[in-house]
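What follows is a set of notes on a single structure, which appears directly below.
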Amino acid sequence: MTDTLKPKRTKIIKPPLTMDLEDHLAAVWKGYVCGVDEAGRGPWAGPVTAAAVILNPDDIPAGLNDSKALTEKRREALMPVIKEKALAWGIGHASVEEIDTINILRATELAMQRAVAALAIQPVGALIDGNYKFNLPCRVDTTVGGDGLSLSVAAASILAKTTRDHLLVELDGQYPHYGFARHKGYGSAAHRAALAEHGPCAHHRSSYAPIRALLAARGLDHEEGAQ
């Protein structure tokens, strides 16, 4: 009896992150180029946060990668190293009120504008993760999956993620019954259960369908439901 040969699994090996994209733009635009990324477009609560980073090509932190590919412990370890070694870094936020007023896309743009403006060195251009060319105070190029290709964008993704996570941990101290420290505002089962029991608070995004539906079911608008 002949054994059935099982096909071998092909291991996908991703190429290492480089500064090729930002170096090319820097040469064309003749100046510094920052990597830009955001965290928090999907959650039901908390701000959207963006980061901009200009790396020092002669002193790049080891282990940079897309923040989603790293453990929380590794992200936390890299955050101070990025800040120490980068030529410049900046953080920007757009509040829940801004998200609900101008929508999440425009609020993300606002957070990115604030992050670039916060850089100690103003760049001639920015490389943004994704395919949307946000209006920033410099030239802009985009790359889909940039946080897994560009070292600068990866560094920005780590700063944006860790900074926003810290804010949600702080919110957890004020509103412990929602579990913000665990789910960071995303629509987990535990978050849904807490919302069903307690209703939304002032830091929930009333423009998001699940929160809007909860408020409507309670006969409240956002101001009335934000206790």
Between [X] and [Y], do the side chains contain an N or O donor and an N or O acceptor separated by less than 3.5 Å?
X: Asp147; Y: Ser157; result: no
X: Asn131; Y: Thr142; result: no
X: Glu38; Y: Thr108; result: no

Taking the side chain as every heavy atom from C-beta outward, state whether [X] and [Y] have any pair of such atoms under 4.5 Å apart.
X: Met79; Y: His166; answer: yes
X: Trp44; Y: His191; answer: yes
X: Cys34; Y: Leu119; answer: yes
X: Asp37; Y: Ile128; answer: no
X: Phe134; Y: Val36; answer: no
X: Ile158; Y: Ile82; answer: yes
X: Pro137; Y: Val116; answer: yes
X: His183; Y: Arg192; answer: no

Look only at the side chain of [X] and the backbone of [Y], and say whether a donor-acceptor pair between them is shorter than 3.5 Å.
X: Arg41; Y: Val48; value: no
X: Arg74; Y: Ser67; value: no
X: Arg114; Y: His93; value: yes
X: Arg205; Y: Pro43; value: yes
X: Ser150; Y: Gly146; value: no
X: Thr162; Y: Leu159; value: yes
X: Asp172; Y: Ala181; value: yes
X: Glu98; Y: Ser95; value: yes

For His24, does the NE2 atom sit with more than 12 other heavy atoms under 6.0 Å from it, leaving out its own atoms?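 Not buried by this count: 12 neighbours or fewer within 6.0 Å.
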
Counting heavy atoms not belonging to Tyr32, are there more than 12 under 6.0 Å from its OH?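 No, because the 6.0 Å sphere around OH of Tyr32 holds 12 heavy atoms or fewer from other groups.
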
What about His204 and Phe180, are their ring centers closer than 6.0 Å?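 Ring-ring flag for His204/Phe180: true, centres closer than 6.0 Å.
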
Using the benzene-type ring in the case of Trp, are the ring centres of His203 and Tyr175 under 6.0 Å apart?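 So the answer is yes for these two rings.
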
Inspect the contact between Arg75 and Glu72 and indicate whether a charged nitrogen and a carboxylate oxygen are less than 4.0 angstrom apart. no

Begin from the C-alpha positions of Lys85 and Leu55 and carry the test side-chain contact (heavy atoms from CB on, under 4.5 Å) through to its verdict. CA-CA 7 Å; Lys85 292 179 177 287; Leu55 288 177; over 6 Å; no

Where Ala86 and Val53 come nearest, the two heavy atoms and their spacing: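 Smallest heavy-atom distance, with atoms named: CB-CG1, 4.0 Å.
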
Would you name the heavy atoms of Ala94 and Ala107 that are closest together and state the gap between them? CB-O, 3.2 Å

In terms of hydrophobic clusters joined by side-chain contacts under 4.5 Å, are Leu78 and Leu149 together? no

Evaluate side-chain contact (heavy atoms from CB on, under 4.5 Å) for Leu215 paired with Ser206, printing each intermediate quantity in order. CA-CA 8 Å; Leu215 291 171; Ser206 63; 3.9 Å; yes

Passes side-chain contact (heavy atoms from CB on, under 4.5 Å), Cys138 versus Val124? Steps please. CA-CA 5 Å; Cys138 59; Val124 295; 5.9 Å; no

Asp141 and Trp29: side-chain contact (heavy atoms from CB on, under 4.5 Å), yes or no, with the steps? CA-CA 11 Å; Asp141 199 2; Trp29 292 339; 4.0 Å; yes

